[in-house]
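We count ligands from 1, going down the list as the structure has it; atoms in each ligand are counted the same way.
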Amino acid sequence: MMVYLNGNLIDEKTAHIGFDDRGFLFADGVYEVIHIYSRKFFEWDRHMARLQRSMAGINLSEVDMHALSKGAEALLEDFDGEEGILYLEITRGVHPRSHAFPPPEVRPTILMWVRSHQPFSTDAITQGVSVITVADDRWAKVWIKTIGLLPNVLAKEKAHKMGVYDAVFVRDGMVMEATSANIFIVRRGILRTAPVTNYILPGITREVALEIAKEQGIAIALEPFSVEDMYSAEEIFLTGTTTEILPVTQVDGRTVGKKAGAVTLLLLDALRAKAYAVS
Ligand code: PDD
């Protein structure tokens with residue numbers, strides 16, 4: 001497999017990153033994950049805009065965005081599948097360990113790769129998945145897509161140990177998002193998801209789902225909702241680049257909502273139609 005590292009497309013076997021890389025030492029970096037449908041990047045521009053916001057959020061110096069998209073295109077050309085993901089990570093570069101930023105001549109490390117990705121089976125979609133709620137112990141800048149994902153990793157592992165698919169972060173009784181996806185409910189016919197604040201990652205799939213819902217005339221409330229609201233919802237689903245739109249049918253051991261509700265399925269169908277549409 002070829003990877004993109006610091007401007008070069010090289011074989012993964014020859015791709016090395018120094019042990020003094022600040023991504024490795026401090027999780028001092030940001031990332032994006034982009035879905036490839038029918039050999040096309042889904043919502044490339046929005047991902048790049050978010051990447052630039054994340055970089056600004058950690059005072060990372062600007063990188064050549066044109067070179068980045070050329071590199072991504074080259075990786076796509078090398079990819080022999082139809083559906084996959086592009087992973088992109090930018091760290092503050094390699095410099096002997098010291099908390100303070102390295103001098104400006106130290107350039108960011110840029111890594112990208114493309115791998116195939118399997119969408120959820122129809123069975124998983126019709127059955128829905130189970131989640132648990134966990135206290136949101138993340139920092140106050142969740143909107144930055146940083147590679148510092150330890151709270152997410154620990155929450156996901158807790159869910160897996162309990163035999164469920166994912167964990168949902170709850171802050172002051174309000175539902176924020178899952179470990180690598182946003183979360184929506186339909187309650188009393190109204191589609192709800194947490195508003196964009198510094199406490200959620202503003203998901204691209206979340207944005208697209210909201211746009212589709214608006215087009216379809218579905219009532220939307222961008223207001224925080226509580227765990228109790230979620231327990232008494234008609235439908236619950238997750239949204240994300242790898243998750244797409246995934247029904248949730250159990251929360252904290254309680255069966256909640258309908259199996260793959262009507263709004264959930266409508267949004268999933270419309271998302272896929274949009275994603276596979278020839279541009
Ligand atoms: N995660 N919230 C969190 C915490 C996420 O990590 C992600 C994405 C999302 C959904 O965002 P989007 O729709 O733009 O993918 C929400 C990626 C896929 C990951 O970490 O693998």
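From the protein, the heavy atom lying nearest to atom 3 (C) of ligand 1 is E177 OE1, 3.5 Å. Regarding atom 21 (O) of ligand 1, its nearest protein heavy-atom neighbour is V33 CG2, 3.6 Å. For atom 11 (O) of ligand 1, the closest non-hydrogen atom of the protein is G203 CA, 3.4 Å.
Judged purely by atom type and a 3.5 angstrom limit, T126 uses its side chain to pair as donor or acceptor with the backbone of T122. A donor-acceptor pair is defined here as one N or O able to donate and one able to accept, closer than 3.5 Å; no such pair exists between the side chain of T243 and the backbone of I245. Distance alone, capped at 3.5 Å, places no donor-acceptor pair between the R53 side chain and the W143 backbone. With hydrogens and angles disregarded, a donor-acceptor distance shorter than 3.5 Å links the side chain of R39 to the backbone of G81. Checking side-chain atoms of R22 against main-chain N and O of H99 turns up a donor-acceptor pair under 3.5 Å. E244 places no side-chain N or O within 3.5 Å of a backbone atom of R272 that could act as its donor or acceptor partner. Between the side chain of E43 and the backbone N or O of I204 there is no donor-acceptor pair closer than 3.5 Å.
Numbered from 1 in the order shown, with element, the atoms of ligand 1 that lie under 4.0 Å from a heavy atom of G240 read 10 (C), 13 (O), 15 (O).
Checked against a 3.5 angstrom limit, the closest N/O atoms of Y31 and ligand 1 fall inside it. Between H47 and ligand 1, a contact under 3.5 Å exists for no N or O pair. Annotation: T241 places an N or O atom under 3.5 Å from an N or O atom of ligand 1; distance criterion only. Between T205 and ligand 1, an N or O atom pair is found at a separation short of 3.5 Å. Of the N or O atoms in T239, none lie within a sub-3.5 Å distance of an N or O in ligand 1. Taking any N or O of L201, backbone or side chain, none lies under 3.5 Å from an N or O belonging to ligand 1.
Counting heavy atoms under 4.0 Å from ligand 1, residue T179 touches it through the backbone alone. The proximity of N182 to ligand 1, defined as any non-hydrogen pair under 4.0 Å, involves the side chain as well as the backbone.
Heavy atoms of E207 stay at 4.0 angstrom or farther from ligand 1. Residue contacts with ligand 1 include K145, since one of its heavy atoms falls under 4.0 Å from the ligand.
Below 30°, between 30° and 60°, or above 60°: for H35 and Y37 the angle between ring planes is below 30°, a parallel geometry. Below 30°, between 30° and 60°, or above 60°: for F237 and F184 the angle between ring planes is below 30°, a parallel geometry.
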Practice item. List the steps and the verdict of side-chain hydrogen bond (donor to acceptor under 3.5 Å, both in side chains) for Y165 and Q250. Key: CA-CA 10 Å; Y165 172 74; Q250 250 204 23; over 6 Å; no
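Scanning S180, A155, P202 for the heavy atom closest to atom 9 (C) of ligand 1 points to S180.
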